[in-house]
Number of protein chains: 2
Amino acid sequence: MRDQKKNRRRVQILEIARGIIATKGLRSLKVRDVAEAAGCSVGSVYNEFGDFDGVILTVNRETVQALTERLAGVPAEDPVRQLYGLAETYLEFFAEHANLLRSLFEHRMEDDRPYPDDILQMVMDAFALMHPPLVRLLPDADDVKIALLSRTLFSAVHGIISLGLEERMVAVPPQLLRQQVEQFLDAHLAGLGILPLR
Amino acid sequence: MRDQKKNRRRVQILEIARGIIATKGLRSLKVRDVAEAAGCSVGSVYNEFGDFDGVILTVNRETVQALTERLAGVPAEDPVRQLYGLAETYLEFFAEHANLLRSLFEHRMEDDRPYPDDILQMVMDAFALMHPPLVRLLPDADDVKIALLSRTLFSAVHGIISLGLEERMVAVPPQLLRQQVEQFLDAHLAGLGILPLR
DNA sequence: CTACCAATGTGAACATTGTTCAATTTAACC
DNA sequence: GGTTAAATTGAACAATGTTCACATTGGTAG
């Protein structure tokens, strides 16, 4: 019963923190706001997460988990369609949760403490989801090279999307951005000797 | 004489702030540290820059200026070589000044104040430096499309480099990253119907 | 059921850091 | 040299992360 209660609160704190980050950005996340909204003291937040970075990192961990699940749901029948699907799903997810993704990629630790390895690994694993379809499309290529290509390609897509959705920059209309990503893949896959969709 | 002194200090504050960001990261930048190192009071920093964001934004403005100068120095004789040169120069500059570039791309304003337009425009202008060589290489293409392509391509390169240099992520060795960028351009230019370098 | 105790929760106090502004100092001008 | 407007100061304030001695709670044994 202790555990149930504790866990319920832990989940509640995370949902509140995630809500604030998603709607107002990471910089607007304050311990006191979270504690008040969760109906507990600031001390409880610290008991549960160690420090405030702990809250942020846990939200980020769940963000990359949710992203991975969404990406894993992309149909894998046609490897070419799968690549387009991964890119477009990433775009959708990024557009829906822009501030959460920014928190994941932009948060810096206090002092010089290292970013938790497990989160980094999860991001890399998500970016490696282009690996299987690429292996099918380039059966003769070295597996290590495909692994690198997968990361490169996903990083490129990430760059196009994260800068394109950056409302700080001259905002790219979402529909145009989708087209931009598709055309990018068209050209790049063609360059790899893969027949694009259109 | 007032102006001289004032300007000398302004420059000094900026150099100190830039040094701290470059070596210890944006999160380690503190008003008091800057004021002490500049031999003045915290009030003077505020007189000169309005608020602390003002210091950061001025450093960022100078960062994108320096970047633009470096990119503008890439030889333009051969448009294909120019594209590779722009990407490699960006990689070099990013590797040399990783924390400054992160400050430029990751800094968020307090509350919801907008990021200064002039900085955004300067970044877009820098990313548009791929436009002229692309026009030469694709003389039949629509100019608006080339403008979009330029931004897309540079954003892609930015994504590859910024994630590749992210020491938070599993560090990609610099030499491998250079090769990664080159191979990326190889494939993409080929897909655009442009003969790559190698 | 009660007493006890270990775990948990609390929030006031503290530490750090951004911000303000009344008082002071400076330097340009006559 | 006196006057004055501008610049500078730094103590005080505000916002926010962090700690910890104390209070509360819930499980457990007698």
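The structure displayed is predicted, hence computed values, not measured ones. Values below: all heavy atoms of this structure, side chains included; hydrogens, waters and symmetry mates excluded.
- B/D33 places its CG atom 12 Å from the P atom of C/dT16, with the value rounded to the nearest Å.
- Nearest-nucleotide positions on DNA chain D for A/Y46 and B/S44 put B/S44 closer to the 5' end.
- A straight line from CG of A/D51 to C1' of C/dT16 spans 15 Å, rounded to a whole angstrom.
- Ion pairing between A/D33 and A/K24 fails under the 4.0 Å rule for side-chain N and carboxylate O.
- One atom, CZ of B/R9, and another, P of C/dT26, lie 12 Å apart when rounded to the nearest Å.
- Atom C1' of nucleotide C/dT16 and atom CG of B/L29 are separated by 15 Å, given to the nearest angstrom.
- Checked for salt-bridge contact, B/R108 and A/E166 meet the test: a charged N lies under 4.0 Å from a carboxylate O.
- DNA chain C is contacted by both A/R32 and A/E48; A/E48 maps to the nucleotide lying nearer its 5′ end (nearest heavy atom per residue).
- Distance CZ (A/R27) to P (C/dT17): 15 Å, rounded to an integer number of Å.
- Between A/G50 and A/K30, it is A/K30 whose nearest contact on DNA chain D lies nearer the 5' terminus.
- Atom-to-atom distance recorded for A/L177:CG and A/F94:CZ is 10.0 Å, nearest 0.5 angstrom.
- Here the C1' atom of nucleotide C/dT8 and the CZ atom of A/R8 are 15 Å apart, to the nearest Å.
- Look at CZ on B/F52: it is 17 Å from C1' on D/dA14, rounded to the nearest Å.
- For C/dT10, the OP1/OP2 oxygens have a side-chain nitrogen or oxygen of A/S41 closer than 4.0 Å.
- Between the P atom of D/dG17 and the NE2 atom of A/H107 lies a distance of 12 Å, rounded to the nearest Å.
- Ring geometry, A/F127 versus A/H158: the interplanar angle falls from 30° to 60°, so the pair is classed tilted.
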